[in-house]
Novice: 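The structure follows.
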Amino acid sequence: MDTENTNTPPVDFIRAIVAEDLKNNKHGGAVVTRFPPEPNGYLHIGHAKAICVDFGIAQENNGVVHLRMDDTNPAKEDIEYVEAIKNDVKWLGFDWGDNLFYASDYYEKLYDCAVELIKRGKAYVCDLSTDEIREYRGTLTEPGRESPYRNRSMEENLDLLARMRNGEFADGAKTLRAKIDMASPNMHMRDPAIYRIKREHHYRTGDKWCIYPMYDFAHCISDSIEGITHSICTLEFEIHRPLYDWFLDVLEMPCHPQQIEFSRLNVTYTVMSKRKLLTLVKENHVNGWDDPRMPTISGMRRRGYTPEAIRAFVGATGITKYNSMSDLSLLEHFQRDDLNKRALRAMAVMNPLKVVITNFPENTTDELDAVNNPEDPAAGSRKVPFTRELYIEKDDFMEEPPKKYFRLAPGQEVRLRYGFFIKCEEVIKDADGNITELRCTYDPATRGGSSPDGRKVKGTIHWVSATHAAKAEARLYNPLFTLENPAESELDFKELLNPDSVQITECLVEPCLQDSKPGSIYQFERVGYFCCDPDSTAEKKVFNRTVGLKDSWAKIQSKGDN
RNA sequence: UGCCCCGUGGUGUAACGGUAGCACAAGUGAUUCUGGUUCAUUUUGUCGAGGUUCAAAUCCUUGCGGGGCAGCCA
């Protein structure tokens with residue numbers, strides 16, 4: 001029974017195919033998948049989906065996953081990328097065990113297959129140039145013409161291929177082509193090239209080869225060699241499937257994996273094409289592949305995204321066969337969901353406004369208890385120093401507050417988180433009328449945050465001690481990844497990388513953050529989730545904002561404006 | 001205007017001829033020492049037209065719409 005033509009429901013259609021194959025004992029009960037990136041760039045969130053699918057399907061069925069570097073184009077590939085790929089896959093939480101493979105390890109076998117193809121009269125060496133081949137290929141609506149070299153004898157083809165390999169011909173002078181059907185409505189079946197001459201140093205095989213196999217030829221055979229049962233890939237390879245099957249059939253390979261396609265992950269506001277990401281890196285629009293603005297796995301890691309959140313996002317996004325655009329807010333949801341449970345809380349003031357507690361003694365520090373994570377009692381608590389001079393967030397004070405503003409205002413009382421109730425008594429301004437300082441009084445009876453007389457306060461704000469706070473740098477990436485408005489066709493980097501894509505702010509953080517290590521993630525209370533960046537120094541920590549907290553006040557405000 | 005794939009709320013996805021459900025987003029209310037979290041609750045959908053059937057998101061025909069394919073890239 002051909003599972004392909006059975007009416008499987010769209011969701012989990014891959015699972016359905018695998019289950020059917022298992023039921024029919026198609027591969028002797030085995031499930032072997034593979035994740036086959038080309039090491040020509042860093043992995044991005046789109047690859048995360050492929051990784052989750054490949055590993056997920058295997059794990060569900062007690063199968064194995066091969067990590068295979070699809071390195072058949074020496075011009076683009078590099079060892080740096082293979083290391084990054086391994087690192088990122090591991091970080092995402094997947095383990096390929098000993099099953100690390102390289103297509104370049106199969107070059108000899110692939111060559112033998114090419115010879116075999118010639119012997120079976122299914123391939124020929126063609127002398128047409130690139131332009132001529134294109135011309136002979138025909139168009140989408142017209143059939144192509146056969147190459148004048150199509151009917152060379154087997155002996156001549158064998159000899160020519162051997163000489164191609166020996167480097168007797170110039171780059172591009174000849175190609176080995178599959179002999180299929182120049183009139184096929186599928187352009188990929190019109191005698192596709194399977195070997196090209198390319199004198200390029202390969203990062204693994206060096207200069208051993210001057211001919212390299214093409215994807216369509218190398219991929220199916222690599223799959224077959226490795227005993228892959230289900231070759232899962234993205235939709236754009238759908239039209240390649242007849243060719244995938246053709247090679248394996250003609251060569252009568254003992255293992256014939258089934259290629260299954262699903263749709264790529266697309267996320268709003270982000271550009272996923274490796275070519276574009278490479279351009280961003282190469283032209284220094286960003287600071288490398290792991291720039292926190294990049295939608296790469298390494299960029300997201302540096303930004304503070306967690307593997308758990310990414311996996312949950314990918315899981316929620318589903319597997320289908322139609323192109324879709326997933327909302328970034330879904331990713332952010334899973335990120336908040338994960339971090340809310342795990343991230344330690346800390347107080348950090350992004351835009352400081354000085355507050356003097358006039359009735360608090362000078363040169364005195366009160367050590368207050370602060371809960372590290374209200375969602376996780378096991379996270380314990382810490383001491384936060386409270387002094388006469390503090391900083392609060394500028395936004396947390398309004399001289400003329402609109403209705404429903406719960407924070408500090410002249411004569412109004414708020415709670416300092418884990419601290420005291422304070423009341424604003426006086427607003428100090430400079431000559432230009434800018435607010436420079438607030439003079440407040442505190443209620444000593446409210447130590448810890450609640451009043452013995454049962455008095456309620458609507459707002460709770462965050463703060464740091466002016467004498468104990470540490471200076472830090474906050475990097476706010478807005479709104480997300482690289483792009484404000486990803487163009488589909490060509491990149492206009494000036495427009496894409498809006499000037500606000502990084503906003504660097506000096507901020508003040510509570511002293512405990514001096515000990516934070518790169519990679520550690522905090523929730524700055526009422527501000528957002530921040531990840532300590534490797535750029536941090538001993539004196540000054542750098543924090544990348546992962547994602548902000550939900551802000552219902554912004555909504556209230558914007559509604560008021562309308 | 002060739003061939004292939006695909007159309008379910010704003011978005012992403014379920015429902016193998018039998019009650020169109022879930023999540024995100026949005027709205028409302030409650031709780032809260034984070035305007036966070038949590039809880040409750042509301043709104044919005046089968047691309048159109050025919051057909052088969054007791055019954056269609058599902059099967060058929062057709063129209064419309066979206067995507068892919070003319071690298072010696074993967």
Side-chain angles (χ1 to χ4, degrees), chain A residues 6-12 16 36-38 40 70-73 75-77 103 126 128-130 133-134 137-144 171-177 184-188 190 192-198 211-212 214-216 218-219 233 235-242 261 263 268 274-275 313 316-334 336-337 340-341 345 347 370-371 374-375 404-407 415-419 421 446 448-450 457-462 523-528 548-556:
Chain A
T6 57
N7 215 354
T8 50
V11 145
D12 292 334
E38 183 188 14
N40 65 346
D70 215 353
D71 51 0
T72 54
N73 183 1
K76 295 184 174 180
E77 297 150 4
C126 182
L128 256 25
S129 71
T130 308
I133 285 184
R134 187 181 315 125
R137 187 159 32 222
T139 66
L140 291 174
T141 51
E142 298 158 23
D171 284 13
K174 287 180 170 30
T175 52
L176 181 69
R177 294 225 261 164
S184 172
N186 181 345
M187 300 296 284
H188 295 280
R190 319 242 264 226
I194 60 186
Y195 265 95
R196 74 281 211 185
I197 305 173
K198 197 168 194 163
I211 57 170
Y212 292 94
M214 301 289 292
Y215 165 86
D216 284 308
H219 200 92
C233 61
L235 240 31
E236 67 268 28
F237 292 105
E238 200 162 35
I239 201 144
H240 294 245
R241 183 164 13 104
E261 310 86 10
S263 76
T268 52
K274 261 196 205 174
R275 201 195 92 242
F313 170 67
T317 240
I319 304 166
T320 60
K321 286 185 79 106
Y322 47 85
N323 308 34
S324 55
M325 182 69 79
S326 288
D327 215 311
L328 180 68
S329 56
L330 188 62
L331 207 211
E332 294 186 334
H333 162 77
F334 285 110
R336 290 194 187 100
D337 190 51
N340 177 53
K341 287 176 242 154
R345 310 295 135 117
M347 293 195 286
V371 174
E375 305 294 319
K404 283 192 169 172
Y405 184 79
F406 302 152
R407 285 109 90 183
R415 171 169 39 232
L416 294 177
R417 183 122 227 240
Y418 305 123
F421 287 9
T446 57
S450 52
V457 96
K458 268 288 213 185
T460 300
I461 64 175
H462 55 103
Q523 184 196 95
F524 290 170
E525 286 186 278
R526 312 207 316 123
V527 179
L549 262 30
K550 283 193 175 176
D551 187 359
S552 48
W553 169 243
K555 282 179 205 161
I556 293 167

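Because the structure is predicted, anything quoted here is derived from the model rather than measured. Lettering follows sequence order; numbering is per chain, from 1.
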Novice: Applying side chain to side chain contact (heavy atoms under 4.5 Å, CB included), run through A:Arg526 and A:Thr460 and close with a yes or a no.
Specialist: CA-CA 9 Å; A:Arg526 312 207 316 123; A:Thr460 300; 5.6 Å; no
Novice: With respect to the side chain of A:Lys321, which nucleotide from B:A70, B:G36, B:C5 is positioned closest?
Specialist: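 The listed nucleotide nearest to A:Lys321's side chain is B:C5.
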Novice: How does RNA chain B look in dot-bracket form if you count Watson-Crick and G-U pairs under 3.5 Å, write [ ] for pairs that cross, and put | where a base pairs with another strand?
Specialist: .((((((..((((....[..)))).(((((.......)))))....(((((..]....))))))))))).....
Novice: Between B:G35, B:C72, B:C73, which nucleotide has the shortest distance from any of its atoms to the side chain of A:Thr460?
Specialist: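 Per side-chain heavy atoms of A:Thr460, the pick is B:G35.
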Novice: Can you measure A:Glu38 atom CD to B:G71 atom C1' for me and round it to whole angstrom units?
Specialist: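 It works out to 13 Å between those atoms.
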Novice: Side chain of A:Pro185: nearest nucleotide among B:C69, B:G36, B:C3?
Specialist: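 Taking heavy atoms from C-beta onward, the closest nucleotide is B:C3.
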Novice: Is a salt bridge present between A:Glu38 and A:Lys274, judged by a nitrogen-to-oxygen distance below 4.0 Å?
Specialist: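 No, this pair does not count.
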Novice: Looking only at side-chain N and O atoms, does A:Thr130 come under 4.0 Å of OP1 or OP2 in B:G71?
Specialist: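 No.
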Novice: Does the B:G67 base have a donor-acceptor partner in the side chain of A:Glu238 within less than 3.5 Å?
Specialist: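 Result: no qualifying N/O pair found.
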Novice: Can you classify the ring geometry of A:Tyr215 versus A:His240 as parallel (below 30°), tilted (30 to 60°) or perpendicular (above 60°)?
Specialist: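 Rings of A:Tyr215 and A:His240: perpendicular, over 60°.
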Novice: Checking only heavy atoms, does the side chain of A:Arg407 share a donor-acceptor pair with the base of B:G35 at less than 3.5 Å?
Specialist: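 Flag set: donor-acceptor pair detected.
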Novice: Check the pair A:Ser184 / A:Asn186 against side-chain hydrogen bond (donor to acceptor under 3.5 Å, both in side chains), numbers first and verdict last.
Specialist: CA-CA 5 Å; A:Ser184 172; A:Asn186 181 345; 5.5 Å; no
Novice: Just call it for A:Arg526: base, sugar-phosphate, or nothing, with non-hydrogen atoms closer than 4.0 Å on any strand.
Specialist: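 Contact class for A:Arg526: base.
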Novice: Step by step, work out the salt bridge (Lys or Arg N to Asp or Glu O under 4.0 Å) result for A:Lys341 and A:Asp337.
Specialist: CA-CA 7 Å; A:Lys341 287 176 242 154; A:Asp337 190 51; 3.7 Å; yes
Novice: Name the nucleic acid region contacted by A:Pro36, choosing base, sugar-phosphate or nothing; use a 4.0 angstrom heavy-atom cut-off, strictly under.
Specialist: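 Answer is nothing: A:Pro36 stays at 4.0 Å or more from every strand.
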Novice: Between B:G71, B:U37, B:A74, which nucleotide has the shortest distance from any of its atoms to the side chain of A:Asn340?
Specialist: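 Between B:G71, B:U37, B:A74, the one nearest the side chain of A:Asn340 would be B:U37.
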Novice: Looking at A:Ser324, I'd like to know whether one of its side-chain N or O atoms comes within less than 4.0 Å of OP1 or OP2 on B:U13.
Specialist: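 Checking A:Ser324 against B:U13: at least one side-chain N or O falls below 4.0 Å of OP1 or OP2.
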Novice: Within a strict 4.5 Å, meaning less than it, do heavy atoms of the A:Ile461 and A:Leu416 side chains meet?
Specialist: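 Result yes, sub-4.5 Å side-chain heavy-atom pair found.
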Novice: Rounded to whole angstrom units, what separation is found between the CZ atom of A:Phe334 and the C1' atom of B:G12?
Specialist: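 Rounded to the whole Å, the gap is 10 Å.
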Novice: Students often get this wrong, so: under 4.0 angstrom with heavy atoms, is A:Ile133 touching a base, only sugar-phosphate, or nothing?
Specialist: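 Base, at least one base heavy atom under 4.0 Å.
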Novice: When the P atoms of B:C22 and B:C39 are considered, how many whole Å apart are they?
Specialist: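 It comes out at 15 Å once rounded to the nearest Å.
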Novice: Could you work out the separation of B:C60 and B:U52 based on their C1' atoms and round it to a whole Å?
Specialist: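 Straight-line distance between the two C1' atoms is 7 Å.
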Novice: So if I take every side-chain heavy atom of A:Met325 and compare against B:G35, B:A74, B:G12, which nucleotide ends up nearest?
Specialist: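 Nucleotide nearest to A:Met325's side chain: B:G12.
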Novice: Taking the side chain as C-beta and beyond, is there a heavy-atom pair between A:Arg415 and A:Thr446 under 4.5 Å?
Specialist: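 The answer is no, as the side chains (C-beta and beyond) never meet within the 4.5 Å cut-off.
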Novice: Could you work out which one of B:G67, B:C69, B:G71 sits closest to the side chain of A:His188?
Specialist: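 Taking heavy atoms from C-beta onward, the closest nucleotide is B:C69.
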Novice: For B:U43 and B:G27, measure between their P atoms and round to the nearest Å.
Specialist: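 Comparing P positions in B:U43 and B:G27 gives a spacing of 16 Å.
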Novice: Is any side-chain heavy atom of A:Thr175 less than 4.5 Å from a side-chain heavy atom of A:Met214?
Specialist: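 With C-beta onward as the side chain, the pair stays apart.
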Novice: Quick check: closest heavy atoms across A:Ile556 and A:Lys404, and the distance to 0.1 Å?
Specialist: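 Result for this residue pair: CG2-CD, 4.3 Å.
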Novice: Given atom CZ of A:Arg177 and atom C1' of B:G71, what is their separation to the nearest angstrom?
Specialist: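 A:Arg177 atom CZ is separated from B:G71 atom C1' by 13 Å.
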Novice: Got a salt bridge between A:Arg241 and A:Glu261, using NZ or NE/NH1/NH2 to carboxylate O under 4.0 Å?
Specialist: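 Looking at A:Glu261 together with A:Arg241, the answer is yes, because their closest N to O distance falls below 4.0 Å.
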Novice: Identify, between A:Lys76 and A:Ala316, the residue whose nearest nucleotide on RNA chain B lies closer to the 5' end.
Specialist: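 First, find each residue's nearest nucleotide; the 5'-ward one identifies A:Ala316.
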Novice: Nearest whole angstrom, please: distance from the P of B:U38 to the NZ of A:Lys550.
Specialist: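 Whole-Å distance recorded here is 8 Å.
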Novice: Among B:G12, B:C69, B:C72, which nucleotide has an atom closest to any side-chain atom of A:Met214?
Specialist: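 Nearest to the side chain of A:Met214 among the choices is B:C72.
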Novice: Touch check for A:His462, heavy atoms < 4.0 angstrom, all strands: base, sugar-phosphate only, or nothing?
Specialist: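 Here A:His462 touches no strand at all.
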Novice: Rounded to whole Å, how long is the line connecting atom CE of A:Met187 with atom C1' of B:G2?
Specialist: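 In whole Å, B:G2 C1' lies 10 Å from A:Met187 CE.
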Novice: Which nucleotide wins on minimum distance to the side chain of A:Ser552, given the candidates B:G2, B:G36, B:A70?
Specialist: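 Given the options B:G2, B:G36, B:A70, the side chain of A:Ser552 is closest to B:G36.
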Novice: Is the aromatic ring centre of A:Tyr322 closer than 5.5 Å to the centre of the six-membered base ring of B:G66, with the two planes inclined by less than 30°?
Specialist: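 According to the criterion (under 5.5 Å, under 30°), no, A:Tyr322 does not stack.
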Novice: Any idea which of B:C72, B:G35, B:G36 is nearest the A:Leu549 side chain?
Specialist: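 Nearest nucleotide to the side chain: B:G36.
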Novice: Quickly work out the A:Leu330 CG to B:A23 P distance and round it to whole Å.
Specialist: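 Nearest whole value for this atom pair: 12 Å.
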Novice: Touch check for A:Phe237, heavy atoms < 4.0 angstrom, all strands: base, sugar-phosphate only, or nothing?
Specialist: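 It contacts base atoms.
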Novice: With rounding to the closest Å, how many angstrom separate the P atoms on B:A15 and B:G71?
Specialist: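 B:A15 and B:G71 have their P atoms separated by 39 Å.
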Novice: When the C1' atoms of B:U31 and B:C16 are compared, how many Å lie between them, rounded to an integer?
Specialist: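 Pairwise C1' distance, B:C16 against B:U31, rounds to 44 Å.
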Novice: Check the distance between B:G35's C1' and A:Gln523's CD and give it to me in whole angstrom.
Specialist: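 A:Gln523 atom CD is separated from B:G35 atom C1' by 13 Å.
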Novice: Roughly how far apart, to the nearest Å, are B:G51 and B:U58 at atom P?
Specialist: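 After rounding to an integer number of Å, I get 14 Å for this pair.
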Novice: Name the closest nucleotide to the A:Asn323 side chain, picking from B:G2, B:C24, B:G67.
Specialist: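 Nearest to the side chain of A:Asn323 among the choices is B:G67.
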Novice: Heavy-atom nearest nucleotide on RNA chain B for A:Thr72 versus A:Gly419: which residue maps closer to 5'?
Specialist: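 Taking each residue's closest nucleotide, the earlier one in sequence belongs to A:Gly419.
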Novice: Under 4.0 Å between a side-chain N or O of A:Arg190 and OP1 or OP2 of B:G2?
Specialist: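 So the side chain of A:Arg190 is outside the cut-off, no N or O lying under 4.0 Å from OP1 or OP2 of B:G2.
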Novice: Taking atom P in both B:C5 and B:G10, what distance in whole Å separates the two?
Specialist: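 Straight-line distance between the two P atoms is 28 Å.
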Novice: Please find the pair of heavy atoms, one from A:Val371 and one from A:Tyr418, that lie closest to each other, and give the distance.
Specialist: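 Smallest interatomic distance, heavy atoms only, reads O-OH, 3.2 Å.
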Novice: With syn defined as a glycosidic angle within 90° of 0 and anti as everything else, classify B:G21.
Specialist: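 Anti conformation here, the glycosidic angle of B:G21 being more than 90° from 0.
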Novice: Calculate the interatomic distance between A:Arg336 atom CZ and B:A23 atom C1'; express it in whole Å.
Specialist: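 About 15 Å, once rounded to whole Å.
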